[in-house]
**Q** 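Before I ask anything, here is the structure I am working with.
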Amino acid sequence: MEGSRVVANISVNVIDTCRQGEKKRYVQLGTVMTHPAYRHQGLARRLMGEVLHDWRQACDAIYLYANDTVLDFYPKFGFVRACEYQYSKAITPNPAPVRRMDMQNPADIAHLKALYAQSNPFSALPMPDNIGLVMFYLDGMLRDCVYEVVGQEAIVIASFEGKEMTCHDIFCREGSALDPLLAAVAPCDTRRVALGFTPKDTNGYDVRPIGGEDDALFVLAGKDNPFAGQRVMMPLLSHA
């Protein structure tokens, strides 16, 4: 800070999850930036040093997403490139009573938070304590993408493009079945669904690498690397 002006920033986002039955605390770094008038003074380098000093031993993994202008910056601190994978499959719509929820309605928000507290039972990397980031999306770019499957105690966050549906996340009770919930929300012309999370059960899914130079994933070496040798992705709604 200089006075009331933020001149350089690195945001630390704590992401608690469960991986292969074991609780994990991951840290995602985001909003790494320096005001144009204050660049070339080593401020981002200094901040990164402070962040790693504070968090290297206080979490299981540290990761971030970088654009193509800073791909040479993060390796200087011990970060290495990693790859994420997304799962998709063919879908046969089976329309059921579905209600689009109003993210300006306090009752709908409370209902969503109650089901969110039960997490995503289908995810290999659930995010049970990430409601702040989830609401950032649902109060913004995904506010019209929140659907309740009536009578199923399930909420599906879904968007549609052409004949493909993206299920960003899903919150429901343990013991529910994923495919019927997806089919209930899918419009009649939908032919394929892509998941915004890694499913526990990958049978029947196609998988492809995602990300590129404009959204490169880096993980701090020497700590847990959930992506090494694994075809997984961090949930879309966990991206800071």
Side-chain angles (χ1 to χ4, degrees), residues 15 17-19 21 84-208 210 231-239:
I15 306 290
T17 186
C18 184
R19 176 169 172 249
E84 292 183 290
Y85 291 82
Q86 186 173 39
Y87 289 79
S88 65
K89 66 190 297 187
I91 185 173
T92 300
N94 185 24
V98 170
R99 181 179 71 91
R100 179 180 286 173
M101 300 181 70
D102 180 359
M103 288 296 95
Q104 303 301 309
N105 183 312
D108 276 358
I109 293 173
H111 185 44
L112 181 140
K113 289 182 176 179
L115 282 176
Y116 174 84
Q118 300 189 48
S119 194
N120 180 341
F122 313 111
S123 177
L125 286 170
M127 301 290 169
D129 299 308
N130 196 32
I131 189 62
L133 273 174
V134 169
M135 292 308 300
F136 168 79
Y137 284 102
L138 302 191
D139 192 39
M141 61 186 295
L142 296 179
R143 68 172 56 186
D144 295 325
C145 301
V146 185
Y147 300 91
E148 177 187 16
V149 183
V150 178
Q152 297 295 317
E153 284 294 296
I155 292 174
V156 180
I157 318 300
S159 59
F160 311 94
E161 184 174 351
K163 296 182 179 181
E164 181 163 303
M165 165 183 169
T166 298
C167 175
H168 299 268
D169 217 328
I170 185 167
F171 312 130
C172 62
R173 297 173 297 181
E174 192 77 40
S176 301
L178 177 58
D179 286 352
L181 295 176
L182 296 176
V185 174
C188 292
D189 62 348
T190 306
R191 295 293 176 265
R192 196 161 190 85
V193 59
L195 300 182
F197 56 91
T198 303
K200 289 179 181 177
D201 182 0
T202 60
N203 289 326
Y205 284 90
D206 299 318
V207 59
R208 66 178 181 88
I210 58 173
R231 293 185 171 188
V232 300
M233 68 183 294
M234 300 304 279
L236 291 180
L237 299 191
S238 74
H239 287 215

**Q** Quick one, Met135 with Ile109, criterion side-chain contact (heavy atoms from CB on, under 4.5 Å). Give me CA distance, side-chain angles, the key distance, then yes/no.
**A** CA-CA 9 Å; Met135 292 308 300; Ile109 293 173; 4.2 Å; yes
**Q** Answer whether the closest heavy-atom distance between the side chains of Val193 and Ser88 falls below 4.5 Å.
**A**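 Of all side-chain heavy-atom pairs linking Ser88 with Val193, none is under 4.5 Å.
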**Q** CG/Asn94 to CG/Leu182 distance, rounded to the nearest 0.5 angstrom?
**A**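 So the gap between those two atoms works out to 12.0 Å.
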**Q** Under 3.5 Å, side chain of Tyr205 to main-chain N/O of Thr198, donor-acceptor pair present?
**A**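 Not confirmed, Tyr205 side chain does not pair with Thr198 backbone.
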**Q** Please give me the minimum heavy-atom distance between Met234 and Glu84, naming the atom from each residue.
**A**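 The answer is N-OE2, 2.7 Å.
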**Q** What closest approach, in Å, do Met103 and Asp139 show between heavy atoms, and which atom pair accounts for it?
**A**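 Nearest heavy atoms, Met103 then Asp139: O-OD1, 4.3 Å.
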**Q** Is Tyr85 atom OH crowded by more than 12 heavy atoms from other residues, nucleotides or ligands, each under 6.0 Å away?
**A**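 For Tyr85, atom OH is crowded (more than 12 foreign heavy atoms under 6.0 Å).
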**Q** Begin from the C-alpha positions of Leu237 and Asn130 and carry the test side-chain contact (heavy atoms from CB on, under 4.5 Å) through to its verdict.
**A** CA-CA 9 Å; Leu237 299 191; Asn130 196 32; 5.6 Å; no
**Q** Distance from Cys172 atom SG to Tyr116 atom OH, nearest 0.5 Å?
**A**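 It is 13.5 Å, given to the nearest 0.5 Å.
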**Q** At what distance, to the nearest 0.5 angstrom, does OH of Tyr147 lie from CD1 of Ile170?
**A**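 Reported value, rounded in 0.5 Å steps: 13.5 Å.
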**Q** Would you indicate whether the side-chain heavy atoms of Lys113 and Ile131 approach each other to under 4.5 Å?
**A**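 In short, these two side chains touch, coming nearer than 4.5 Å.
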**Q** First locate atom CE of Met233, then atom NE2 of His239, and finally report the distance between them rounded to the nearest 0.5 Å.
**A**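 Going from CE on Met233 over to NE2 on His239, the span is 5.5 Å.
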**Q** Quick check: closest heavy atoms across Gln86 and Ala194, and the distance to 0.1 Å?
**A**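 Minimum heavy-atom contact is NE2-CB, 4.0 Å.
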**Q** I need the Thr190 OG1 to Met165 CE distance, nearest 0.5 Å.
**A**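 Thr190 OG1 to Met165 CE: 7.0 Å, rounded to 0.5 Å.
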**Q** For a 4.5 angstrom cut-off between non-hydrogen side-chain atoms, does Phe122 reach Ser176?
**A**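 Side chain of Phe122 against side chain of Ser176, heavy atoms only: contact under 4.5 Å found.
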**Q** Can you tell me how far CD of Glu174 sits from CG of Asn120, rounded to the nearest 0.5 angstrom?
**A**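 Answer for the CG-CD pair, Asn120 versus Glu174, is 9.5 Å.
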**Q** For Asp144, is there any backbone N or O sitting under 3.5 Å from a side-chain donor or acceptor partner on Arg100?
**A**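 Such a contact is found between Arg100 side chain and Asp144 backbone.
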**Q** How about Leu236 and Ile157: do any of their side-chain heavy atoms sit closer than 4.5 Å?
**A**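 Not touching, per the 4.5 Å side-chain cut-off.
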**Q** Taking the side chain as C-beta and beyond, is there a heavy-atom pair between Lys89 and Asp179 under 4.5 Å?
**A**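 A side-chain contact exists here, since the closest heavy-atom pair is under 4.5 Å.
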**Q** Mind listing the closest non-hydrogen atom pair of Val146 and Leu138 along with its distance?
**A**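 So the minimum-distance heavy-atom pair works out to CG2-CD2, 3.8 Å.
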**Q** On a heavy-atom basis, which atom in Ile155 and which in Leu112 lie closest, and how many Å separate them?
**A**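 Here Ile155 and Leu112 meet closest at CD1-CA, 3.5 Å.
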**Q** With side chains defined as the heavy atoms from C-beta onward, is the minimum distance between Arg231 and Arg208 less than 4.5 Å?
**A**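 No - every pair of side-chain heavy atoms lies 4.5 Å or more apart.
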**Q** What pair of heavy atoms forms the shortest contact from Ala154 to Leu115, and how long is it?
**A**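 So the two residues come closest at N-CD1, 3.9 Å.
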**Q** Without swapping roles, check the side chain of Ser123 against the backbone of Leu125 for a donor-acceptor pair under 3.5 Å.
**A**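 A pair under 3.5 Å: yes.
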**Q** Tell me whether the count of non-hydrogen atoms from other residues, nucleotides or ligands lying under 6.0 Å of NZ in Lys200 goes above 12.
**A**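 Buried by this count: over 12 neighbours within 6.0 Å.
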